[in-house]
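Below is one structure; the comments refer to it alone.
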Protein chains: 12
Amino acid sequence: MTYGQGRTYKKVEIVGTSSLSIEDAIQQAVSRAQKSLEKLSWFEVQDVRGHIGDDGKVNEYQVVLKVSFELK
Amino acid sequence: MTYGQGRTYKKVEIVGTSSLSIEDAIQQAVSRAQKSLEKLSWFEVQDVRGHIGDDGKVNEYQVVLKVSFELK
Amino acid sequence: MTYGQGRTYKKVEIVGTSSLSIEDAIQQAVSRAQKSLEKLSWFEVQDVRGHIGDDGKVNEYQVVLKVSFELK
Amino acid sequence: MTYGQGRTYKKVEIVGTSSLSIEDAIQQAVSRAQKSLEKLSWFEVQDVRGHIGDDGKVNEYQVVLKVSFELK
Amino acid sequence: MTYGQGRTYKKVEIVGTSSLSIEDAIQQAVSRAQKSLEKLSWFEVQDVRGHIGDDGKVNEYQVVLKVSFELK
Amino acid sequence: MTYGQGRTYKKVEIVGTSSLSIEDAIQQAVSRAQKSLEKLSWFEVQDVRGHIGDDGKVNEYQVVLKVSFELK
Amino acid sequence: MTYGQGRTYKKVEIVGTSSLSIEDAIQQAVSRAQKSLEKLSWFEVQDVRGHIGDDGKVNEYQVVLKVSFELK
Amino acid sequence: MTYGQGRTYKKVEIVGTSSLSIEDAIQQAVSRAQKSLEKLSWFEVQDVRGHIGDDGKVNEYQVVLKVSFELK
Amino acid sequence: MTYGQGRTYKKVEIVGTSSLSIEDAIQQAVSRAQKSLEKLSWFEVQDVRGHIGDDGKVNEYQVVLKVSFELK
Amino acid sequence: MTYGQGRTYKKVEIVGTSSLSIEDAIQQAVSRAQKSLEKLSWFEVQDVRGHIGDDGKVNEYQVVLKVSFELK
Amino acid sequence: MTYGQGRTYKKVEIVGTSSLSIEDAIQQAVSRAQKSLEKLSWFEVQDVRGHIGDDGKVNEYQVVLKVSFELK
Amino acid sequence: MTYGQGRTYKKVEIVGTSSLSIEDAIQQAVSRAQKSLEKLSWFEVQDVRGHIGDDGKVNEYQVVLKVSFELK
């Protein structure tokens with residue numbers, strides 16, 4: 001990558017979910033977004049939330065993140 | 001809805017306007033966004049602003065909100 | 001522009017870069033976004049960052065901004 | 001009320017919902033909280049969100065608020 | 001309005017109150033501020049709070065807002 | 001769940017700790033809170049901190065979170 | 001205290017008042033909360049406000065703070 | 001005071017300084033503001049800063065606060 | 001300037017505009033405010049926004065800033 | 001540890017990276033910082049970001065954290 | 001001091017503690033930091049917290065502050 | 001640069017000043033910091049402030065920024 005050449009990026013906000021872990025929720029969201037957007041470059045976590053099942057176990061992590069990709 | 005199945009959502013930021021009320025500005029924005037986006041699931045108000053007419057009356061509410069929909 | 005007629009705007013978050021100045025990074029991002037989005041109306045700066053070269057000079061300004069356009 | 005007499009207040013965070021309006025969601029939450037807490041003195045809105053139905057109409061306002069009451 | 005002509009605005013922070021609704025509290029504050037300030041152009045809501053009466057009803061909405069007007 | 005029926009939720013702030021992971025600290029807090037509160041519905045992470053042992057290893061994750069439950 | 005043993009804490013938000021000082025308002029709130037809650041471990045100041053009397057003197061400091069205690 | 005009668009307040013931001021204490025800096029600012037504004041009702045601390053002398057002693061507390069008064 | 005003598009400052013929020021640069025928008029606002037307020041001492045940038053013309057060029061920078069002056 | 005004896009701590013902001021997990025990125029940063037700073041006592045996570053590889057997999061977690069140690 | 005001569009300052013974040021008062025915790029931190037850093041110019045309070053003893057008394061104020069000094 | 005190899009960065013907060021422009025204040029701070037710290041990689045602007053001279057001209061821009069460098 002060469003700095004100073006006027007690249008432009010777009011940031012899109014998505015929410016990934018997973019029953020396993022925060023990291024898996026991030027990866028799920030990134031994989032899904034990659035399908036309909038350009039190649040993603042980086043992500044930034046905005047918020048971590050989740051759902052609690054009837055048995056008192058966390059059964060879903062919900063991670064709000066921004067993903068960025070270059071506008072070519 | 002079943003939790004823990006790796007759903008992914010996208011959040012989009014829009015601004016609705018109305019001369020009537022804050023709630024109407026929200027509905028206007030949701031209705032307009034629904035036309036070009038997927039079925040919307042929920043919204044989050046980010047900011048409430050507005051314009052004041054020459055007669056000193058609020059003649060427009062402007063509500064910045066994020067709307068979310070599932071990426072299927 | 002007439003107030004109170006239910007216009008709706010969309011906000012998109014982009015990152016512009018320039019080796020010259022903060023203002024140029026804003027303009028670069030606006031020009032690039034204009035190509036693929038509707039006519040842009042206004043922008044809001046979210047963050048100013050940059051890269052520092054081996055010679056200790058700022059060689060790139062990176063400006064995160066939101067641009068807005070009317071959904072017609 | 002006399003100022004300077006060492007009163008102490010407690011703040012509790014609640015979420016009210018209503019299909020009608022933001023104001024009604026606030027009142028619903030206040031009425032419900034009043035049942036199990038002391039007499040409430042004031043509220044502060046923290047967040048306004050909502051749910052969007054299949055017909056694209058806002059069918060629920062969700063208002064996060066803090067309510068305060070004196071610890072006597 | 002012509003852009004780029006060096007207009008300057010002043011923002012003033014006020015609190016409006018009303019027993020009716022959030023919108024009415026905004027209008028009350030705008031009407032009152034209009035009396036002693038220049039013609040107001042726009043407002044931005046900062047905070048929504050309120051008082052709860054002995055009967056558990058919201059008897060006053062208090063809306064903190066900034067109003068802006070041009071310094072001519 | 002039916003939307004628009006005036007449900008009310010309460011949010012409580014708790015801190016969970018664990019020597020294993022952030023996810024375990026969340027689950028520890030949720031499990032403990034479930035004992036003395038109503039059935040919990042969701043959580044929101046507020047802050048992640050931790051303690052560092054004499055050997056330079058993270059020996060405790062401390063996660064501040066809000067848990068929510070319906071006031072029936 | 002041993003780290004890494006899964007302790008859980010609860011945070012409660014209270015407002016202390018005093019005509020003397022900020023420190024006294026904190027102590028007043030802590031003392032009052034101690035009566036109805038478990039033994040408190042630490043506090044965090046959220047906000048400092050106050051009332052001004054007719055003579056232009058601050059006649060009450062109001063300190064919003066969170067107090068924390070272990071859920072045993 | 002009667003709630004729900006459409007009172008309007010104005011908030012003004014001031015900075016008070018004192019070599020003695022945070023409380024004294026608040027009082028200094030309130031006393032000075034009282035001279036040129038209406039009777040003040042309450043204050044909210046925004047920021048606490050200060051200057052350090054050559055001898056390493058804090059020689060000035062600077063408290064940024066908002067003071068509010070009714071627009072009659 | 002001597003520290004610790006109980007000086008009091010007032011902060012006023014203004015918005016400057018310029019077609020040239022962020023710095024020029026700051027200077028325009030400061031120059032205009034200086035006309036009707038006391039001698040200004042310092043400024044703090046709150047927000048940078050702007051308008052985009054039909055040709056896709058930034059034709060106005062709008063800088064929200066607070067300016068401060070001593071209340072003598 | 002005895003409370004109230006005038007201990008002083010310093011906080012330093014660092015960024016840890018890892019291809020494995022958020023927890024590992026925290027530990028990497030703590031281990032590295034321990035080499036050149038005093039014995040660290042606790043950490044606070046400020047931000048979680050990461051890099052996405054060409055294959056659409058998160059290949060690096062970047063955790064911004066503050067670490068604290070006593071100034072003896 | 002002459003303005004506009006390209007001075008550079010460094011900010012360091014420290015935590016001071018005291019059993020007496022918030023002001024004393026600030027002074028303790030400033031005095032300790034002065035020993036190992038350059039001559040300090042000003043401080044900014046970031047956070048006020050504290051510890052509560054078994055007798056329900058605040059036995060330690062903990063003030064997080066940033067101190068600044070010129071890099072000569 | 002290879003991602004995922006456990007690099008660690010340190011962030012330091014500095015304030016640069018210049019009578020010319022915001023960009024120059026950034027460069028001044030980066031150049032000065034480079035002298036006593038490792039090779040800097042990137043910067044993030046935190047705050048833009050400035051001083052106003054007796055003639056009502058901005059005579060100094062003060063930019064608070066964080067600079068980052070790798071801990072090798």
Side-chain angles (χ1 to χ4, degrees), chain I residues 1-53 56-72, chain L residues 1-4 7-72:
Chain I
M1 193 175 78
T2 317
Y3 287 101
Q5 302 297 312
R7 288 157 295 114
T8 303
Y9 294 88
K10 187 173 174 186
K11 289 191 180 192
V12 172
E13 195 167 14
I14 55 178
V15 188
T17 62
S18 164
S19 60
L20 296 180
S21 67
I22 295 169
E23 283 86 348
D24 189 53
I26 295 172
Q27 182 60 62
Q28 294 293 329
V30 165
S31 296
R32 178 60 192 80
Q34 188 97 322
K35 284 189 202 166
S36 48
L37 299 169
E38 304 284 323
K39 194 197 102 40
L40 303 175
S41 293
W42 80 91
F43 69 90
E44 300 158 80
V45 172
Q46 305 291 299
D47 231 342
V48 176
R49 315 164 48 104
H51 189 264
I52 301 166
K57 297 290 179 199
V58 172
N59 59 7
E60 186 174 272
Y61 297 97
Q62 300 157 347
V63 182
V64 184
L65 64 167
K66 289 188 181 171
V67 289
S68 302
F69 55 94
E70 193 174 348
L71 286 173
K72 303 223 172 167
Chain L
M1 194 176 78
T2 318
Y3 287 101
R7 289 158 293 112
T8 303
Y9 294 89
K10 186 173 173 185
K11 289 191 180 190
V12 173
E13 195 167 15
I14 53 178
V15 188
T17 61
S18 163
S19 59
L20 297 179
S21 66
I22 294 169
E23 284 85 348
D24 189 53
I26 295 172
Q27 183 60 62
Q28 294 293 330
V30 166
S31 296
R32 178 60 192 82
Q34 189 98 321
K35 284 190 202 165
S36 49
L37 299 169
E38 305 283 321
K39 194 199 101 43
L40 303 175
S41 292
W42 81 90
F43 70 89
E44 300 158 80
V45 172
Q46 306 292 300
D47 232 344
V48 176
R49 315 164 47 105
H51 189 264
I52 301 165
D54 286 341
D55 57 355
K57 297 291 178 195
V58 173
N59 59 6
E60 186 173 271
Y61 296 96
Q62 300 157 347
V63 182
V64 184
L65 63 166
K66 289 187 181 174
V67 290
S68 302
F69 56 94
E70 193 173 348
L71 286 173
K72 305 230 169 160

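By convention in this document, chain letters (A, B, ...) are assigned in the order of the sequence lines, proteins followed by strands, and residues within each chain are numbered from 1.
Residues I/Ser31 and L/Gly56 approach most closely at OG-O, 4.3 Å, considering heavy atoms.
Rounded to the nearest 0.5 Å, atoms CZ (I/Phe43) and CD (L/Glu60) are 9.5 Å apart.
Proximity to chain I among residues 20-30 of chain L is limited to L/Ser21, L/Ile22, L/Glu23, judged by heavy-atom separations below 4.5 angstrom.
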### Message
Evaluate I/Lys39 against L/Asp54 for side-chain contact (heavy atoms from CB on, under 4.5 Å), listing each step before the verdict.
### Response
CA-CA 7 Å; I/Lys39 194 197 102 40; L/Asp54 286 341; 3.2 Å; yes
